[in-house]
Amino acid sequence: EHLRGHFPTGLKGLDAALSGGIPFGVLTELVGPAGIGKTQLCLKLSLLASLPTNFGGLDGRVIYIDVESKFSSRRLLEIGLRSFPEIFQMKAMAQEMAGRILVLRPTSLSEFTQSLEQIKVSLLQNQVKMLVIDSMAALVSGEHEQGNCRQQTLSWHISFIKSLAEFSRIPVVVTNQVRSHNHDDASRYSFQVQRRDGTLEIPIRYDSHLIAALGIHWAHAVTTRLVLEAKSGQRFIKVAKSPISPPLAFPFHITSSGISL
Ligand code: GTP
């Protein structure tokens, strides 16, 4: 049933806005400043994907590209225990769920490139139900190639990741950090949203350092962009780009049981 198109995040308003959740077969980007909760959301989504289908999961493996060593098994198990005690109170089950999440820590873009072939094989064998890259900008920031050459390497990676999503029809979730929203610092970019009743133009602030790191090709490769931000002590998750949703924002919290609305 999940092959129909969307993977519920459990954040109800967000799922409704996105016609069910994170779309299959395309790239979804989570953008926001340091510490806002991008990794926490990735942990929750990974956990959900590993769960049996009767718990709303995808009953599959997850490949988690953990570039900055932010992945925490301890935290994953805590979220599991708080959210799905029936499963995670049983040690063997908890271990099995956690074991379904394969964490890779490439130290360079070329190491990541080498693992892409392995990832492709796993995807072809149909065991992997979600791919997480936390974060894309961190993955390429260590590269010292300049100018055209760098853009070509990046374009290749962006196209490859996009094609992985397309042929395997799984959700691909990618994070990117932007500096905290300093209006002088951020470039104004506008993304188009296609709706049945016409095209909606959504201006969003897409940090200039992210554009510099990943190029505008990246911004266009992403189908759904969710921006996480904080205002007056409240965290929000905002649909900044989507083929189906208007630009709605939903408040969320991070608790011991993970991210919730
Ligand atoms: P960068 O990776 O630095 O860009 O940040 P991020 O957006 O990935 O932030 P992350 O997901 O790491 O969220 C960090 C926030 O999550 C912290 O400020 C805490 O509020 C919250 N958090 C992290 N771990 C825990 C935990 O174990 N328990 C609780 N209750 N909150 C946590």
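Indexing begins at 1, ligand by ligand and atom by atom, following the structure's order.
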Q: Tell me which protein heavy atom sits closest to atom 15 (C) of ligand 1, plus the residue, atom name and distance to 0.1 Å.
A: Gly35 O, 3.4 Å
Q: Look at atom 2 (O) of ligand 1 and say which protein heavy atom is nearest, naming residue and atom and giving the distance to 0.1 Å.
A: Lys70 NZ, 2.4 Å
Q) Is Ile216 reachable from Val26 through a run of I, L, V, M, F, W or Y residues, each pair having side-chain heavy atoms under 4.5 Å apart? A) no
Q: Compute the minimum heavy-atom distance from Ser256 to ligand 1 and say whether it is under 4.0 Å.
A: yes
Q) Do you reckon Val121 sits in the same ILVMFWY cluster as Leu131, going by side-chain contacts under 4.5 Å, direct or chained? A) no
Q) Of all the non-hydrogen atoms in the protein, which one sits nearest to atom 31 (N) of ligand 1, and at what distance? A) Ile254 CG2, 3.7 Å
Q) Among Lys44, Glu68, Lys38, whose heavy atom sits nearest atom 6 (P) of ligand 1? A) Lys38
Q: Using only heavy-atom distances, determine whether the side chains of Gln40 and Arg75 contain a donor-acceptor pair under 3.5 Å.
A: yes
Q: Indicate yes or no: does Glu229 engage Lys238 in a salt bridge with an N to O separation below 4.0 Å.
A: yes
Q.
Regarding Thr39 and Asp134, do their side chains bring together a donor and an acceptor under 3.5 Å, going by distance alone?
A. yes
Q. Heavy atoms only: which of Pro33, Gly37, Ser72 is nearest to atom 13 (O) of ligand 1?
A. Gly37
Q. Numbering the atoms of ligand 1 from 1, which are under 4.0 Å from a heavy atom of Glu78?
A. 27 (O)
Q) Transitively linked via ILVMFWY side-chain contacts under 4.5 Å: Val67 with Leu164? A) yes
Q) Which residue and non-hydrogen atom of the protein lie closest to atom 30 (N) of ligand 1, and at what distance in Å? A) Thr255 C, 3.4 Å
Q. Any idea which of Arg235, His253, Arg75 brings a heavy atom closest to atom 28 (N) of ligand 1?
A. Arg75
Q) Looking only at protein heavy atoms, which one is nearest to atom 23 (C) of ligand 1, and how far off is it? A) Gln40 NE2, 3.2 Å
Q | Shortest protein heavy-atom distance from atom 8 (O) of ligand 1, along with the residue and atom involved | A | Thr39 OG1, 2.7 Å
**Q.** Pair His6-Ser19, side-chain donor/acceptor within less than 3.5 Å
**A.** no
Q.
Using every non-hydrogen atom in the two residues, find where Leu77 and Ala98 come nearest and quote the distance to one decimal.
A. CD2-CB, 4.1 Å
